[in-house]
K.L.:
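Here it is, the structure in full.
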There are 2 protein chains.
Amino acid sequence: MNYDKLKLKNQLCFPLYACSKEVVRRYKPFLDELDLTYTQYITMMVMWEQKIITVKELGKFLYLDSGTLTPVLMKLENKGYIERIKNRIDGRVLDLKLTHTGEELMEKAVNIPEQIVKCVPLDEADANKLYEILYHILDSR
Amino acid sequence: MNYDKLKLKNQLCFPLYACSKEVVRRYKPFLDELDLTYTQYITMMVMWEQKIITVKELGKFLYLDSGTLTPVLMKLENKGYIERIKNRIDGRVLDLKLTHTGEELMEKAVNIPEQIVKCVPLDEADANKLYEILYHILDSR
DNA sequence: TAAGAATAGATTGCACACAATCTTTTTGCT
DNA sequence: AGCAAAAAGATTGTGTGCAATCTATTCTTA
């Protein structure tokens, strides 16, 4: 029996998993300046774009469920970046609303993407290819 | 000011992070049959290959530190797949030794890689390219 | 060779992820 | 209208990740 397929070096999932963590680590110094975790940061990215959104919709953007999001959203509310407002039409729904403070935070975050690009060695072709492959996998759910 | 770079769809890190979790999710049904988590699985992959290894060396393979590994290794020891043995020459070092039971587990795991391939839609060229890009980033530490 | 530095792992504390379950509210059906 | 099913979030419990710190041991070097 050949066990080569079980070797770590022959896996595709493993470098994906390791690389994901590695890139998140490289965000940390920049996010520390804003006192945001990575999960809080990507949540704020959606908030900056949507202004108002339900937890459900947010979860679709981030591929996360309420079990993960609820505590994250409570922290962001405590920091004053969002408000959590029960929807009046449908009582099951929680609307998330970007606050003025949350909007201001965007100004401080606006330089992060380009700083990350400097920390991750990828030419544009590879970046595009990577993007394409990753979304191809994600879209196959 | 242009805020496009802060949009989620324009990030490369985010699909990497989401895709990593998605692929790990696709492992779950197969790993559940072996009663292994993904972290325990990749740890066992190293053990199956190395038979004996220190925690330090294992951590280099997996890009994980003792804070993460210690509890994982204790669980694998409880399940009988590895032994944790203090090194006699250097008392600081902990050797991990694959047990017979651990070796047997490999037989049950041997089909997992090919089953995952079926669950992740990637042709060989893209798989190779993805592999190359990911290790390029990982190696830039 | 004795003390300080370095190293290997363990521990602690915090923040996710995610499955499973629970609560509240709304929908759909008859 | 009345009730079962479905939906949206919250809660609970387990298992990572990882920074910071602690302990035990070994190395270094004055």
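Here the structure is a predicted model, which means the values were calculated and not measured. Labels below follow one simple rule: chain letters A, B, ... track the order of the sequence lines, proteins then strands, and each chain is numbered from 1.
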K.L.:
Do any side-chain nitrogens or oxygens of B:R92 fall under 4.0 Å of OP1 or OP2 in D:dC27?
P.N.:
no
K.L.:
Can you find a side chain N or O atom of A:T39 that sits less than 4.0 Å from OP1 or OP2 on C:dA17?
P.N.:
yes
K.L.:
Select from B:I89 and A:L94 the residue whose nearest nucleotide in DNA chain D is closer to the 5' end of that strand.
P.N.:
A:L94
K.L.:
Does A:Y63 place a side-chain N or O at less than 4.0 Å from the phosphate oxygens OP1/OP2 of C:dA17?
P.N.:
no
K.L.:
Would you indicate, yes or no, if D:dA8 has its OP1 or OP2 atom less than 4.0 angstrom from a side-chain nitrogen or oxygen of A:T54?
P.N.:
no
K.L.:
Using atom CG of A:D35 as one end and atom C1' of D:dA19 as the other, report the distance to the nearest whole Å.
P.N.:
15 Å
K.L.:
Classify the ring geometry of B:Y41 against B:Y27: parallel below 30°, tilted from 30° to 60°, perpendicular beyond 60°.
P.N.:
tilted
K.L.:
In a check of side chain to side chain contact (heavy atoms under 4.5 Å, CB included) between B:L98 and each of B:E49, B:E83, B:E103, which one passes?
P.N.:
B:E103
K.L.:
Figure out the OH/C1' separation between B:Y38 and C:dC16, and round it to whole Å.
P.N.:
18 Å
K.L.:
Take atom CE of A:M74 and atom C1' of C:dC16, then tell me their distance rounded to the nearest Å.
P.N.:
15 Å
K.L.:
Identify whether any heavy atom of B:T68 sits under 4.0 Å from a base atom; if not, whether one sits that close to sugar-phosphate; answer base, sugar-phosphate or nothing.
P.N.:
base
K.L.:
Say you draw a straight line from OG1 of A:T43 to CH2 of A:W48; how long is it, rounded to the nearest 0.5 Å?
P.N.:
10.0 Å
K.L.:
Using a heavy-atom cut-off of 4.0 Å across all strands, would you classify B:G91 as base, sugar-phosphate, or nothing?
P.N.:
sugar-phosphate
K.L.:
If I take atom CZ in residue A:R26 and atom C1' in nucleotide D:dC18, what distance separates them, rounded to the nearest angstrom?
P.N.:
16 Å
K.L.:
Given atom OH of B:Y27 and atom P of C:dC18, what is their separation to the nearest angstrom?
P.N.:
16 Å
